[in-house]
Amino acid sequence: MNPMSLKENRVHGRPMYPISVYHMECAPGGTVLECHWHSEFEFILVTKGRAVFQVGTGSFELTEGEAVFVHSGEIHAGDPVGEAGCSYSAVVFGAELLTGSMDLVQEKCVDPLLQRVCRLPVKITGAAEWGAEVIRLLGRMLESSAEETASQVLATKGLLLLIMAQLFSQGEAGEVPKAALWKTEQIKTALHYIHEHYQRTIRLKDLCLLTNMSEGHFCRVFRSVMQYSPIDYINKYRTQQAAKLLERTDKKIAAVAMDTGFENISYFTSVFKTHMGVTPSQFRKGTAGA
DNA sequence: CAGAAGGCAAAGCATCCGTA
DNA sequence: TACGGATGCTTTGCCTTCTG
């Protein structure tokens, strides 16, 4: 199993200008950001409401005006907090945007980040001066990166360099422990297996065989990385897929349950209600015509 | 020696089945 | 589709073993 295949396939920007900006809105009870990873770096800035973002092995609750930085290759996901929905803007950019050639920026900043021998702060709030500055620059960059005129392209790149300079001024020295990297890679392998096989029965034993861990140890490692137990995560993922099918198709509820790996309809109903707050039929009525 | 991983047992919870 | 009960799988805590 190749963990690389869990990687998000979406292309962010283009080779000459590897940056993309996304503005997302999440309705109450919806998913902010499904679990994934990519080789680009990313900033996520909450613009309305509250959400919990899981980045690598950490979990960060953000309110309006707070952000997280996602390192290259790091698993990340998001869930809304509270009954109100939330909005966020994300900037995804390739390391190539920071430097155009083999210069000191490449040697002192980009390479250590890509080789994971240095790590930058993840949660960014306005509480500290540097954080407030990053949030301010991020806001400006979100405005300037929408178009590709000469002045806006320059402004975006300049702002990005200033933001990275602020983060490096707070950088956590020291190499990321190899054990932590290994754990993350193993969990990526398990996640890929779950995403590929959620329509069938998935046993803990299967995931343990893939990752060469004992069942007990796998549960502990999975929870430490994902904040959920393996079965919790599988059910959450299946429920999200089922919600999409209920919304986008007129398949019967029993068929949706079967298509998303639930062999038992009553169990499907109870899991769905736990995660979504309503039964599948109530969910469909609520989204009909929406 | 410290941290990571495995083994084991108990408790909790997921899953299935029958029924309304 | 929902509910209740039975069964067995999953999770967790604690201790031991392994590895660098």
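The basis for the numbers below is simple: all heavy atoms, side chains too, and nothing from hydrogens, waters or symmetry mates. All figures in this text were calculated on a predicted structure; none of them were measured in a lab. Proteins come first, then strands; the chains are lettered A, B, ... in the order of their sequence lines, and each starts at number 1.
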| task | For the pair A/F41 and A/F93, name the ring-plane relationship: parallel under 30°, tilted 30 to 60°, perpendicular over 60°. | result | tilted
To the nearest Å, how far apart are [X] [atom1] and [N] [atom2]?
X      : N      : atom1 : atom2 : value
A/L207 : C/dT11 : CG    : P     : 9 Å
A/K205 : B/dG7  : NZ    : P     : 14 Å
A/I234 : C/dC9  : CD1   : C1'   : 12 Å
A/I231 : C/dC9  : CD1   : C1'   : 8 Å
A/R220 : B/dC8  : CZ    : P     : 13 Å
A/H217 : B/dC8  : NE2   : P     : 16 Å
A/F222 : B/dA4  : CZ    : P     : 19 Å
A/E215 : B/dA9  : CD    : P     : 15 Å

| message | Does any part of the side chain of A/K236, heavy atoms only, come nearer than 4.5 Å to the side chain of A/T239, both counted from C-beta? | response | no
| field | Contact nearer the 5' end of DNA chain B, comparing A/I202 with A/G216 | value | A/G216
| remark: Between A/V221 and A/R238, the residue closer to the 5' end of DNA chain B by nearest nucleotide is A/V221
| said: Can you work out whether A/L204 or A/P280 has the more 5'-proximal nearest nucleotide on DNA chain C? | reply: A/P280
| request: Name the closest nucleotide to the A/R223 side chain, picking from B/dA14, C/dT12, C/dT10. | output: C/dT12
| message | How about CD on A/E61, more than 12 heavy atoms from neighbouring residues, nucleotides or ligands closer than 6.0 Å, or not? | response | yes
| message | Using OP1 and OP2 only, check whether a side-chain N or O of A/S229 sits under 4.0 Å from C/dT11. | response | yes
| What's the shortest heavy-atom distance between A/P121 and A/L167, and which atoms? | CD-O, 3.6 Å
